[in-house]
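All residue numbers refer to positions in the sequence shown, counting from 1. Excluded from the calculations below are hydrogen atoms, water molecules and symmetry mates; all remaining heavy atoms, backbone and side chain alike, are included. Indexing begins at 1, ligand by ligand and atom by atom, following the structure's order.
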Amino acid sequence: MCGIVGYTGHENARDIIIDGLKKLEYRGYDSAGIAMQSKGELIVRKQKGKIANLEKTIADEHLYGTTGIGHTRWATHGVPSDLNAHPHVSGDGSIAIVHNGIVENYVELRRQLTEEYGVVFRTDTDSEVIAHLVSVLHKGKLEDAVLEAVKRMKGAYAFAAISKDEPGKIVAFRKDAPLIAGLGRGCNFIASDIPALLKYLNKIYLIENDELVICTPEQIQILDQQKNPVKREVLQVTWSLEDAEKEGYEHFMLKEIHEQPKAIRETLTRRLDENGRIRLDGISLTLEDLEHFNKIYIVACGTAYHAGLVGKYIIEKMARIPVEVDVASEFRYRDPFVDDRTLFIAISQSGETLDTLAALREAKRKGARVLSVVNVVGSSVARESDDVFYTWAGPEIAVASTKAYTTQLICLYLIALYMADLRGTISQSYYQEVLAELQAIPDKVSTIISRAGEIEELAKYLYNRDQVFFIGRGIDSAVAYEGSLKLKEVSYINSFAIAAGELKHGTIALMEPETIVIALATQDFLFDKMYSNIVEVKARMAHVVSIAKEGDEKIREESTEVIYIPRCADEVTPLLSVIPLQLFAYYVARERGEDIDKPRNLAKSVTVE
Ligand code: AGP
């Protein structure tokens, strides 16, 4: 998610904008830049890397301007680079823009601008299109050009623009990405969210979808797309800076759990073309390639590894290619059987996990084709892969991975369906059925999150236990491992996951009265077997919390509590059954008063052995 800051007033905008951008650093970014009106021209300074680097670069320049816009970029289209950093500028240097979100039809717009206006594009980004579009439509007033431009743009975006010919004016527009306007004293602001402005003001306007903002030192005007003024209440902000960074959530982990419907929707829908067919941008696997592979390795660490466990089930079931899943720290040292007929899939949120990177290099050395599923654009794992399939989860700040996991799953489902469709191992009706199931997931995740209160109550009752077991069969066992990791890494409770069928081979010796067992029982075709396992542990007086599909009443007979998830096909249940487990881990850790976003001994990205 990118950050936007704009200032127009009577002081030098440079330091005010830079300071505002620094308040957005917590969101994660890979480059930064500013543009200011100065003596009838636009000054633009931008570069890859931290804001501190940008500050150093401009330290000796006496940049002065009382109106400007700034940006921190979280790359989605185009790797992190000085050129791809924002602000982007029109060919004649008259318009500068900063953008958050995506212009979905940017390829078409690039073609039109090139053919009809001779525009020469300099970057790989979708955002650059906006600068040229506003410029070619600018016939006098910037706000008119912006309104014309957004008629042509598709996607989810918020952007701000300044023109060298309209001093003191910032124009911004919002469509499905956050935008606010801030009321200062003799100055006014726009921003992508509150932390950027808190140092200067506490009165803001929340900008709604399809609204345009005209910001000058004297006033803020909010207009609809027909230029009718919009009456908007001033919002008095009482948040601390830290509250604002979490947008009111108590922890980043909870915020990111709640962001999953949006993250899943963004990761999924941008890969479906107008006919509802899967379009795997960044992946050039052909049928010939797939026929050539005789094995797939999925290699990762931690939560990413658990996503790989789910990936095995769905790729083998749908594409009928053998899949081996391994933790990177083991794979890299066991001289694995890999050759040019191996497809190696690396999964990594950060793209910087050393073990995963080393395993990828080992697989490449042995001739494998490397495809990676990564959240950070331009990260080491992404750069060293033959194909990259990005999760569009946005920055994940909490050490405990949640939205990265569910968007990794989405990518694996899309890859599995794509491969199965190419190989003809599934019917078209099944292809469409699974896609429809995936498209229904965001709303079902929202439904589960709306019931978080019942999980919070359960956590209050169980938070002081010293051991919790997670059990499941089939794809549920893969999710059991993830649920166990979530609980142990944020609450420090000793939790343990095991395939339910394995209990009788030793582990059931640990069952005592009141032992806590979280039993995932979502697989219709395995229900009877799983039900027997629940009976076994219940017979030892365990406290069983079952995760089951709505409508399954039988499970109540042998469960102390049941947490229901909305009904869905067996294949896609991991996207839903993991949500109660994430919430359970969060609320238990909160009851225990742990440092949830930064658990002891852990790092967000393990870049060491
Ligand atoms: C997950 O909650 C943990 N923070 C950790 O297991 C993490 O998934 C693992 O270190 C892999 O990180 P990556 O996805 O950035 O490679």
Side-chain angles (χ1 to χ4, degrees), residues 28 30 74 251-257 259-260 263 267 298-311 325-332 344-361 370-385 388-412 470 478-493 495 497 578-579 581-586 588-589 594-609:
D30 48 60
W74 171 270
H251 297 96
F252 280 111
M253 183 181 177
L254 186 62
K255 178 184 169 200
E256 287 156 8
I257 289 171
E259 285 178 341
Q260 290 182 109
T267 300
I298 301 179
V299 175
C301 302
T303 286
Y305 165 71
H306 297 148
L309 292 175
V310 174
V325 191
D326 208 346
V327 290
S329 53
E330 288 298 309
F331 177 90
R332 61 185 290 205
F344 179 93
I345 300 179
I347 305 175
S348 177
Q349 187 286 129
S350 64
E352 300 299 343
T353 300
L354 186 71
D355 280 326
T356 306
L357 195 53
L360 178 158
R361 289 169 179 162
V370 174
L371 159 62
S372 61
V373 176
V374 178
N375 195 40
V376 180
V377 174
S379 54
S380 303
V381 167
R383 285 199 312 275
E384 297 190 27
S385 300
V388 185
F389 199 39
Y390 284 115
T391 51
W392 278 321
E396 189 175 69
I397 311 294
V399 166
S401 188
T402 51
K403 62 178 182 173
Y405 172 78
T406 46
T407 51
Q408 285 161 1
L409 293 188
I410 288 290
C411 288
L412 291 166
F470 290 77
V479 181
Y481 287 106
E482 175 55 13
S484 172
L485 175 61
K486 285 283 98 39
L487 183 65
K488 73 177 79 169
E489 69 175 327
V490 294
S491 74
Y492 313 145
I493 288 177
S495 75
V578 75
I579 308 298
L581 307 186
Q582 295 170 343
L583 289 165
F584 180 70
Y586 172 78
V588 166
E594 305 300 357
D595 184 357
I596 293 172
D597 287 334
K598 298 186 182 70
R600 67 187 182 200
N601 312 331
L602 298 182
K604 182 58 185 169
S605 177
V606 183
T607 55
V608 295
E609 286 214 55

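Residue Thr356 has no nitrogen or oxygen atom sitting less than 3.5 Å from a nitrogen or oxygen atom of ligand 1, judged on distance alone. No N or O atom of Gln408 sits closer than 3.5 Å to an N or O atom of ligand 1. The shortest N or O to N or O distance between Val399 and ligand 1 is below 3.5 Å. When only interatomic distances are considered, the shortest N/O to N/O separation between Lys604 and ligand 1 does not fall below 3.5 Å.
Close contacts between ligand 1 and Thr303 involve ligand atoms 1 (C), 2 (O), 6 (O), 8 (O) [criterion: under 4.0 Å to a heavy atom]. Within ligand 1, counting atoms from 1 as listed, the ones closer than 4.0 Å to a heavy atom of Ala304 are 8 (O), 14 (O). In summary, the atoms of ligand 1 found under 4.0 Å from a heavy atom of Ser401, numbered by their order in the structure, are 1 (C), 2 (O). Atom numbering of ligand 1 starts at 1 in the shown order; those under 4.0 Å from a heavy atom of Ala400 are 2 (O). Each of the following atoms of ligand 1 lies closer than 4.0 Å to a heavy atom of Glu489: 1 (C), 2 (O), 3 (C), 4 (N).
A side-chain donor-acceptor contact under 3.5 Å links Asn375 to the backbone of Ala393. Under the 3.5 Å distance criterion, the side-chain polar atoms of Thr391 are matched with a main-chain donor or acceptor of Val374.
Between Phe331 and Phe344, the ring planes are tilted. Angles from 30° to 60° get that label.
Side chains of Leu254 and Leu583 form a contact here, defined as non-hydrogen atoms less than 4.5 Å apart.
Distance from atom 10 (O) of ligand 1 to its nearest protein heavy atom, with residue and atom name: Val606 CG2, 3.9 Å. Nearest protein heavy-atom neighbour of atom 9 (C) of ligand 1: Cys301 O, 3.8 Å. The closest protein non-hydrogen atom to atom 13 (P) of ligand 1 is Thr353 OG1, 3.3 Å.
At least one heavy atom of Lys486 sits closer than 4.0 Å to an atom of ligand 1.
For Lys598, the NZ atom sits in a loose shell: 12 or fewer heavy atoms of surrounding residues, nucleotides or ligands are nearer than 6.0 Å.
Between the side chains of Thr407 and Thr267, no donor-acceptor pair is found at a separation under 3.5 Å. In this structure, a donor-acceptor pair under 3.5 Å is present between the side chains of Glu352 and Ser380.
Checked against Ser401 for a side chain to side chain donor-acceptor pair (under 3.5 Å), the options Glu256, Glu396, Glu482, Gln349 give a single hit: Glu396.
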Q: Could you go through the side-chain contact (heavy atoms from CB on, under 4.5 Å) check for Leu412 and Phe389 one step at a time?
A: CA-CA 9 Å; Leu412 291 166; Phe389 199 39; over 6 Å; no
